[in-house]
Amino acid sequence: MKIKMRIITASYRQNDVTVELFGRSSDGKSVTALFFGFKPYFDYVDPSEDCISKMKNNPEFIDMEDKNLFLNGENVDVKRFYVKSPWKVPELRKICNCEALAADIPFHHRFIYDYDLGSSVNIEGELLEDEKKNYTTDIVIKINKIETAESFNPDLKILSFDIENSISTREIFVIGYSIYFKGKIQQGELSSNETSDEKSILNGFNDLITEEDPDIITGYNIDGYDLPLLEERMRANRIHFNTGRDFLPPRRIMDQFWRLHGRVIDDAWWAVKKVLHPKHESLNFVSNLLLNEGKENVNRIYIENEWKNRRDDVVKYCIKDSYLALMIYLKIRILDRNLYLSTVSMLPLDDVTNGGTSTYVDSILIRRADRESIGVPMSARRSSNETYEGGYVHTMEPGLYDMIVVLDFKSMYPSMIIKHNICFTTLSKNGEITAPNGAKFLSPDVKKGIIPDILEQLMKDRDEVKKQMKTDKENYEYFNGLQDAIKVLMNTFYGVLGTTFYRFTNREISSAITAFARQTITSIISDLENDGNKVIYGDTDSIFIESGKKTVDEAIDFGNKLSSEISQRENLVLEFEKVMDPLFSHGAKKRYAGKIVYPEENNGEILVRGYETRRTDSFNLQSEALKKVFDLILSRNVNGAKQYAEDLIKKVSAGDIDNEDLVISRSVKDFDTYKNASSMANVNAAKKMIERGEMFIPGMKVSWIVTNANRTPQEVEPFIDGETFNYRPDYIYYSKRLQETLNRVLESLDKEVEVVKNPQTKITDLFNEDSNKKKSETTNLDDFFK
DNA sequence: TGCCCTCGGGG
DNA sequence: GTGTACGAGGGCA
C-alpha cells in the first residue's frame, strides 16, 4: 500500500534498532512507519592499522568502507565504520586518536538525511498487523520504499490538560482536559470521588492518551509542573507512565524539555514566553490579554479546602485552565509556525519544537555536505568564552530628536556571506577575497561556497514564495507562513555561523562576517554624512538619520529616497523601516525610546529599547514611574518629566506613599536548596512568615517590604495581603532605587544641575560612565541576537 | 566586565 | 539517546 504522511516525530527502537517515524497521513490516520535494517555509521580520518584492527575486533563492528572527503581545504582518505548500536557510537568514536567525523548525529537524523526526507513523505509498504499491539496509532506500516513528498498540513489532534493537587501530600485531585481536533473541542475530567482514587485518575490518564492518540500535548507550565508531578505520582502508585505512541513514558531532556515517542509535548507557557514576551506570564494575565477571558474563581493556595468544600467548582476551574491553555496555544499559532519551520528545515515537527537551532542548520548543511563528499566535523566541545568583535554600534549623543528616519539592511549577514563567498569550503590562503579581519576566501568563479550557495537559494525561494503569496490569494496564509519560516531559517543560519563554534565554521569565519558587515555600514554612514545627512545612531544593520523634515509625509519621502539611492549604489537592500518622532536617548548604546509615526499600523506606539526594568522583583512604583517619565518625555514635556520624578522621589523619601506600592514579591523554594539562603531577601521573608504562624509552603510566592537596607543581608518584613503592615518601610532605600531607575533616563538631559536632589543621604553620582566614549563602539554579535 | 545564581510559570 | 541548554536580571569578584 501507499501512504503520504507528515512526520511528527522520529526515533528508533532499542531492541532491534528499527527506525520509527510517527505521523498523520493525508487521510487523517495516525501512523507508525517502521524501517528495518538501517545501520549506524561514522568516519575516522586516515586511521592507522592499529586503529582499524581495534575497530574490527570490537563486537559492535559490522563493516567498513573507504571514502575520500574534503576537509579543512584538502581531500583526505577516511574509513567509514558501520556498527550495531547507535548508543555505542560515543564510546567507539574515542577508540582511536585520529579525528572522528559525523559521530554525533542522532540516529533518526542520520536516517532522514540519508534518505533526504522532508517534513512529509510518500511511503510504499505493507501493514504490520502483528506490530499493532506495540503502538497506539491507527496503522503500523513497514517501509519498503520512502521518499520526500510535497509538504502538507494534516489536521493534528491537540490535547491540553491541567492538574489540581494537594500542596502538602502532592496527591492528585483532578485532571481536566480539552481536546482540539478538526475545529472541534471536547472536554472532560478525571477526578477522585467515592468510587475513584488517585490510582484510577492516573490509569485514566494513560487510557485517555492511548485512546485519543493526540499528536500534540500541551498545557500551561506542564514542562515544569504537571509532567514532573505525573511522573512522581505514577511512581508513587507503581503505575507505568505509558503515554507514548510506543507506550514508553515521556523523558525529561536537560531539565528543560520532554520527549515522548510519537507525540510532541509543547508547553503553551514556553510558547507564550518565546512569541509574546508578556509583562506577566501567569495563565490569568495571558488569557485575559489574548482571549479577554480569565480563570475561574478558586483559591489555589487553599486548594485542599477548596477541594473539600467546592469540589464541582474546582473541577470546573481545572477544565477551564486546560481550555485556556489550549486556546492560548491556538491563538499564538505556534504550531503553524513550527510546521512551516519544519517544512523549510526538512525536520520532524518535534525537532523544531523542542530542538536547538543548530539542528535546523545541520539538517540543511549535512545533507549538502554528504552529497558533495565534504567531511562533517563533530560539534566542537571547546568552551567558547572567547568573544570577538560583533556588529558596529554608532554612539548617540544624549537628547531628544525629531523626525528620525530608520533604515535597515535586509538580511545583512546573509548578504555578506553571499557577496564575499564566505564559507568553510572557500577559506583558503590562496583566496583573492580578503576580509577586514585578514581571512581569505576563494572567489566564486574559482569555487562557489556551499553556505553562500544555500543562502542564495533560500533568498530566491523566499522571493518566489512571496510572489506566489501575492498571486494565489486563496493560499495566502500558507505562502505567508512559508516565507516567514524561510526568513527564520536564514536568520538561524547566520545566527549559528556567527555566534558559536558551530561544527562547520570557526572564529575566523564568524569574525570575517561581522568585519565585512562593519565595513559596509561604516562606509555607508560616512557617505551619508559626506552628503550632509545627520546620522545619529546605528546598530549592526540599522541606521538612524535626522531627516530635518517638518511633516511625516516629507520624512517618508526622504526615507524612501535615501533607501533606493543607497540600495542601488551599494548593491545591497537597505529598507526604509520607520519614522520616529520624537526619539530619545541618554547617550548609552542600545538604549533609546521613541514614538513611532510611520508605518501607519504602528502609529502612536512607544518603542523602548534597553531601559526596561525587571518586572518580577521590582516594586510597582518603579515600573509605573518609569513609564510615566517616558510618556512625558515623548510628549516633549521634559521639564514635566523632571518635575514628576523629583516630586515622586521626595514623596517617597518622606514616606508619603502607600505600602502596596513598595511590595516586592518572588517565589521561595525549600530553604536547603539555596547555596546561601540566609542572604536572600525572599528566604528571610518566608522564615518570618513561618515564625508568625503564617502558612508557607516551598514553591509559594512571598511578598515583602524592605525595612532596613543598611544591614547585610537587608532586613525585610513579609507583607500579607489584607493585614496591616506594622513596620516602617526603609523609605530611603526605596527612594534611592527609584532615583537610580529614573536617573538612568533623566540624568543626561541636564548635566549641570542634579536632576533630583539627594533624599537625605548622600548618593554618589550615577551614570557618569560616559566620560571617555569613543565614536565607534563595537559589541558582541551575541548581544544582537538576543 | 564577566560569571554565577535564581526565577518564571504551575498547586 | 551518535542529541546538551530559555532568557533576563541582580550580586559579586
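In what follows, every chain begins at residue 1, and chains take the letters A, B, ... in the order their sequences are listed. A quick note: this is a predicted structure, and the numbers were derived from the prediction, not measured.
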Just so I know, are the side chains of Tyr317(A) and Asn299(A) near enough to count as touching, which here means a heavy-atom distance under 4.5 Å? no
Send over the distance from Lys701(A) NZ to dG11(B) P, rounded to a whole Å. 12 Å
What is the distance, to the nearest angstrom, from the CD atom on Glu171(A) to the C1' atom on dG11(B)? 13 Å
Which residues satisfy the ring pair (Phe, Tyr, Trp, His ring centres under 6.0 Å) test with Phe38(A), sequence neighbours excluded? Phe107(A), Phe111(A)
Just the rounded figure in Å: distance from P of dC6(C) to CD1 of Ile253(A). 13 Å
NA contact type, Lys669(A), heavy-atom cut-off 4.0 Å: base, sugar-phosphate, or nothing? sugar-phosphate
Which of dG1(C), dT2(C), dG11(B) is nearest the side chain of Arg93(A)? It is dT2(C)
Quick one: label Met700(A) by what it contacts on the DNA or RNA (base, sugar-phosphate, nothing), any heavy atom closer than 4.0 Å. base
Return no unless some side-chain N or O of Tyr113(A) is found under 4.0 Å from OP1 or OP2 of dT2(C). no
Consider the side chain of Ser379(A), meaning its heavy atoms from C-beta on, and name the nucleotide among dG11(B), dG9(B), dT4(C) that approaches it most closely. dT4(C)
With sugar-phosphate meaning primed atoms plus P, OP1 and OP2, does Ile303(A) contact a base, only sugar-phosphate, or nothing at under 4.0 Å between heavy atoms? sugar-phosphate
From CH2 of Trp258(A) across to P of dG10(B) the rounded distance in Å is 18 Å
Contact under 4.0 Å: Lys94(A) side-chain N or O vs dT2(C) OP1/OP2: no
When we call it a touch if two heavy atoms are under 4.0 Å apart, what does Arg251(A) touch: a base, just sugar-phosphate, or nothing? base
Short side-chain N/O contact from Lys295(A) to OP1 or OP2 of dG11(B), under 4.0 Å: yes
For Phe205(A) and Phe161(A), run ring pair (Phe, Tyr, Trp, His ring centres under 6.0 Å): C-alpha distance rounded to whole Å, both residues' side-chain angles, the deciding distance at 0.1 Å, then the answer. CA-CA 10 Å; Phe205(A) 186 76; Phe161(A) 76 101; 5.0 Å; yes
If you check every side-chain atom of Arg110(A), which of dT2(C), dC7(B), dG3(C) has the closest atom? dT2(C)
Nearest to the side chain of Ser282(A), which nucleotide is it out of dG10(B), dG1(C), dG11(B)? dG10(B)
Using a cut-off of 4.0 Å on non-hydrogen atoms, how would the nucleic acid contact of Pro90(A) be classed: base, sugar-phosphate, or nothing? sugar-phosphate
Quick check for you: among dG9(B), dG11(B), dT2(C), whose closest atom lies nearest to any side-chain atom of Pro86(A)? dT2(C)
So, is Arg300(A) close to the dG10(B) phosphate, meaning a side-chain N or O under 4.0 Å from OP1 or OP2? yes
Of the nucleotides dC6(C), dG9(B), dG3(C), which one has an atom closest to the side chain of Trp270(A)? dC6(C)
Options dG9(B), dG3(C), dC7(B), nucleotide nearest the side-chain atoms of Glu281(A): dG9(B)
Round to the nearest Å and state the distance from Glu20(A) atom CD to dG1(C) atom P. 12 Å
Angle class for the Tyr734(A)/Phe619(A) ring planes (parallel below 30°, perpendicular above 60°, tilted otherwise)? perpendicular
Looking at dG11(B), I'd like to know if its phosphate oxygens (OP1 or OP2) sit under 4.0 Å from a side-chain N or O belonging to Arg233(A). no
For dC6(C) versus dG1(C), give the span between their P atoms, rounded off to a whole number of Å. 16 Å
Centre-to-centre under 6.0 Å for Phe173(A) and Trp307(A), is that the case here? yes
dT2(C) phosphate, OP1 or OP2: any side-chain N/O from Tyr12(A) under 4.0 angstrom? yes
With sugar-phosphate meaning primed atoms plus P, OP1 and OP2, does Ile163(A) contact a base, only sugar-phosphate, or nothing at under 4.0 Å between heavy atoms? sugar-phosphate
Of Gly355(A) and Phe257(A), the one whose nearest nucleotide on DNA chain C sits closer to the 5' end is Gly355(A)
On DNA chain B, more 5' by nearest nucleotide between Asp321(A) and Val668(A) is Val668(A)
Assign Pro228(A) to base, sugar-phosphate, or nothing according to its heavy-atom contacts below 4.0 angstrom with the strands shown. nothing
Side chain of Trp269(A) - closest among dG8(B), dC7(B), dG11(B): dG8(B)
Go through the N and O atoms of the side chain of Lys273(A) and the base of dG8(B), and report whether any donor-acceptor pair is under 3.5 Å. yes
Value in whole Å for how far the P atom of dG9(B) lies from CG of Asp266(A): 18 Å
Check the phosphate of dG8(B) against Asn221(A), side-chain N and O only, distance under 4.0 Å to OP1 or OP2. Yes or no? no
If you look at every strand shown and take non-hydrogen atoms under 4.0 Å, does Tyr674(A) touch a base, only sugar-phosphate, or nothing? sugar-phosphate
Taking only residues two or more places apart in sequence or in another chain, which ones pass disulfide (SG to SG under 2.5 Å) with Cys98(A)? none
Nearest-nucleotide wise, let me know which of Glu164(A) and Thr673(A) is further upstream toward the 5' end of DNA chain B. Thr673(A)
How is Gly699(A) classified with respect to the nucleic acid when contacts are heavy atoms under 4.0 Å: base, sugar-phosphate, or nothing? base
Winner on side-chain proximity to Pro106(A), out of dG9(B), dT4(C), dT2(C), is dT2(C)
Send over the distance from Asp267(A) CG to dA5(C) P, rounded to a whole Å. 18 Å
Does Ser11(A) have a side-chain nitrogen or oxygen under 4.0 Å from the phosphate oxygens OP1 or OP2 of dG1(C)? no
Applying a 4.0 Å non-hydrogen cut-off, can you work out what Asp226(A) is touching in the nucleic acid: base, sugar-phosphate, or nothing? nothing
Nearest whole Å is fine: how far is dT2(C) C1' from Leu92(A) CG? 10 Å
Of all the nucleotides listed (dC7(B), dG11(B), dT2(C)), which has the minimum atom distance to the side chain of Ile697(A)? dG11(B)
Keeping Asp162(A) on the side-chain end and Gly176(A) on the backbone end, is there a donor-acceptor pair under 3.5 Å? no
Base, sugar-phosphate, or nothing: which does Asn682(A) touch, judged by heavy atoms less than 4.0 Å apart? sugar-phosphate
Does OP1 or OP2 of dG7(C) have a side-chain N or O of Lys274(A) closer than 4.0 Å? no
Counting any heavy atom closer than 4.0 Å, what does Leu283(A) reach on the DNA or RNA strands: base, sugar-phosphate only, or nothing? sugar-phosphate
Report yes if some heavy atom in the side chain of Asp43(A) is under 4.5 Å from a heavy atom in the side chain of Leu69(A); otherwise report no. yes
Near Asn97(A) CG, under 6.0 Å, is it more than 12 heavy atoms from other residues, nucleotides or ligands? no
Once you apply a heavy-atom cut-off of 4.0 Å, does Phe107(A) come out as touching a base, just sugar-phosphate, or nothing? base
